[in-house]
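Have a look at the structure below before the remarks.
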Amino acid sequence: MTSESTLTAPLENGFASDALLDPMVSKAIALIWHEATLLDAKNYVAWEALWTPGGKYVIPIDPDTDDFESGLNMIYDDARMRRMRVTRLTEGYSMSAVASARTARTISRFTVTANDGECVTLRSAQIIVGFKREKHLLLAADLEHRISFVDGEPRLDLKVVRLVNSEGAVTASGFLL
Amino acid sequence: MSTPLMENHDGFSALAATDRVAGQLYTDPEIFEAELEKIFYKTWVWVAHESEIPDKGNFKKAMIGRQPVIVTRDRKGALNVLLNRCRHRGASICEPDKGKANGFTCPYHSWSYSLDGQLRGIPYPEGYEGVIEKKDMPLQKLRVESYAGMVFASFNQDIEPLEDFLGDAKLWMDRFMMQGAGFGIKVQGEHKFRFDGNWKIQLENTTDGYHFPIVHRSWMASVDAETADMLSFMTDENAVTHALGNGHSVAIMVPEHVELDADDGTEELQERFRHIIDELSETMPADQVRRIVRSMHGAGFNLNLFPNVAMSMSFFRVLRPISVNETEVQHMALGLDGGPESVNRERLRIHEHFQGPFGFGTPDDAEAWDRVQRGANGNPQMPIMVNRGLNRETTGTEGWKTSHVTDESGMRESYSQWKKMMGND
């Protein structure tokens, strides 16, 4: 029989079996899956509304860095760049966005790396399969989400997408990860 | 439409005329194989910028056609370009993209080589006594020369000196480097992507001003008015393309930024860089601040160097042919070596805004190029037209064929060199 005390005791490798049961964490994961649904549906206007005003959306090239400012990234968006990006993807003038691949993505393998009662930071794995003009494409990435709770509602405050092939050739695409 | 290009099968060179090229230049695998042999393994191919290998022991990998090479700076500080292939059984001896090393050791049987390619060690050498001498088995070395920090290599040991090959392009390479604004130029990082199309589609694009406001409308809409205005060259009669010979050409988009060292003081600095101006002004004289900020977008032109590199405003664009219908492109962001950190960061943000697989420009270019390849499969014998501006092409005192930047003089220059190199002899 499992008692509450054994649930809360982390194992030696840092695994805390009940970390995902925290109600804030559950809400954070629900937001991440909701975000994935919006991105697959290319509902970028609704996606933009999920962010905090100071939120950063990053697809770095260097697999190890957290200093996104001083290196080259594939995406390094603050609210202003996000606004322009959503406009570009929705206004119909970008031929790559108009012809972008249809995608289906799954996110799993969640681990909680921080939870201070106001912010939850989660790591996960994402697999995206896309299809465009007779060809499938496959993108795998480690994700990091920092979810901030503003008035009890979860919001995206940081999203880092570390593609497994970030230092290799990445297919140019008209959709978001 | 007549298709006279296809009547003559006396070598592939007949497939390129002055004003048009055969569509099968994009689609025929035989032509692609011949291009590797007659162009990529015969001429000077760009492999590195010296800032990528600044110190003794630095190396980077590169590709020339399908052949893997290592660019090294040896213990004497000299540049070497070595085939990345062990002399014993052919394994690659270097797999990291770049780094620092004392030499290279093959992972298979531990044959070890120095940075200049000499075979230094063979384990258990008894089996080779009287069979081989180490001095006879160095890594294959390519010819290597550099100009303005740009390192080129060639498999062709008899090739003309690099400076002769670059010819009039040297002037423009010097002008390009003026964006250092008193500092050296360094590579800050690179985007890498592939598209499903022939390499020459990308080669043409760097000198194609005509597509810019159409393909890049969404990028133009996202930048500030001053930047958009700076790149409004469609009706600017000073925005011209010069054919420089040997396949090279320069497309001038921002005529006032051709020579960044020259400044008549009339240009207003862009308001978007106000935070940089204010920060630099705390420690730098006003003329130096102005010099750096005027260079923030790079040089006012794209210099296309046949066959595989362009010095494109503020970055290098390197192309690598993978197959007849697949090409890899690198966009290398440039910064000021030893320059202000804030300036280099701003240049990274400018680069990210347009370039890379998720930039506001590159994905639309890649989509256009994919579409060219798909379309060119339809009647591959129908010509690709490169005749725009033939009606207004002139030859100036420098001997450069010149037309408007939206014209196709640069492409005609590339195909002229292609035709020369693809002949039977």
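In what follows, chains carry the letters A, B, and so on, assigned in the order in which the sequence lines appear, proteins first and then strands, with residues in each chain numbered from 1.
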Report task. Select, from Gly356(B), Ser222(B), Pro363(B), the one with the greatest count of heavy-atom pairs under 4.5 Å involving chain A. Result ->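 Of the candidates given, the most pairs with chain A belong to Pro363(B).
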
Considering residues, nucleotides and ligands other than [X], do more than 12 of their heavy atoms fall under 6.0 Å from its [atom1]?
{"X": "Arg345(B)", "atom1": "CZ", "value": "yes"}
{"X": "Arg371(B)", "atom1": "CZ", "value": "no"}
{"X": "Tyr210(B)", "atom1": "OH", "value": "no"}
{"X": "Lys132(A)", "atom1": "NZ", "value": "yes"}
{"X": "Lys98(B)", "atom1": "NZ", "value": "no"}
{"X": "Arg349(B)", "atom1": "CZ", "value": "yes"}

Does [X] reach the side chain of [Y], with side-chain heavy atoms less than 4.5 Å apart?
{"X": "Phe193(B)", "Y": "Met74(A)", "answer": "no"}
{"X": "Phe358(B)", "Y": "Leu177(A)", "answer": "yes"}
{"X": "His191(B)", "Y": "Leu72(A)", "answer": "yes"}

Sort out for me which of [options] touches chain B most, counting heavy-atom pairs under 4.5 Å.
{"options": "Ile75(A), Thr87(A), Thr171(A)", "value": "Ile75(A)"}
{"options": "Gly71(A), Gly174(A), Ala99(A)", "value": "Gly71(A)"}
{"options": "Met84(A), Met95(A), Lys135(A)", "value": "Met95(A)"}

Query raised in the report: Is it the side chain or the backbone of Arg85(A) that comes within 4.5 Å of chain B heavy atoms, both, or neither?
Result: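 Both the backbone and the side chain of Arg85(A) come within 4.5 Å of chain B.
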
Query raised in the report: What part of Glu91(A) lies closer than 4.5 angstrom to a heavy atom of chain B: side chain, backbone, both or neither?
Result: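 When you check distances to chain B, only side chain atoms of Glu91(A) fall under 4.5 Å.
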
Requested in this report: Go through the atoms of Gln330(B) and report whether side chain, backbone, both or neither lie under 4.5 Å from a heavy atom of chain A.
Outcome: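 When you check distances to chain A, no heavy atom of Gln330(B) falls under 4.5 Å.
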
Query raised in the report: Non-hydrogen atoms of chain A under 4.5 Å away: do they reach the side chain of Asn344(B), the backbone, both or neither?
Result: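 Neither the backbone nor the side chain of Asn344(B) comes within 4.5 Å of chain A.
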
Report task. With rounding to the nearest 0.5 Å, note down the distance linking CZ in Phe68(A) to CD in Glu352(B). Result ->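 With rounding to 0.5 Å, CZ (Phe68(A)) is 11.5 Å from CD (Glu352(B)).
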
Query - Salt bridge present between Glu367(B) and Arg133(A) (N-O < 4.0 angstrom) - result: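 Judged by the 4.0 Å cut-off on N to carboxylate O distance, Glu367(B) and Arg133(A) do form a salt bridge.
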
Query raised in the report: Hey, is Asp364(B) close enough to Arg88(A) for a salt bridge, meaning N to O under 4.0 Å?
Result: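 Here Asp364(B) pairs with Arg88(A) in a salt bridge, since their nearest N and O are under 4.0 Å apart.
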
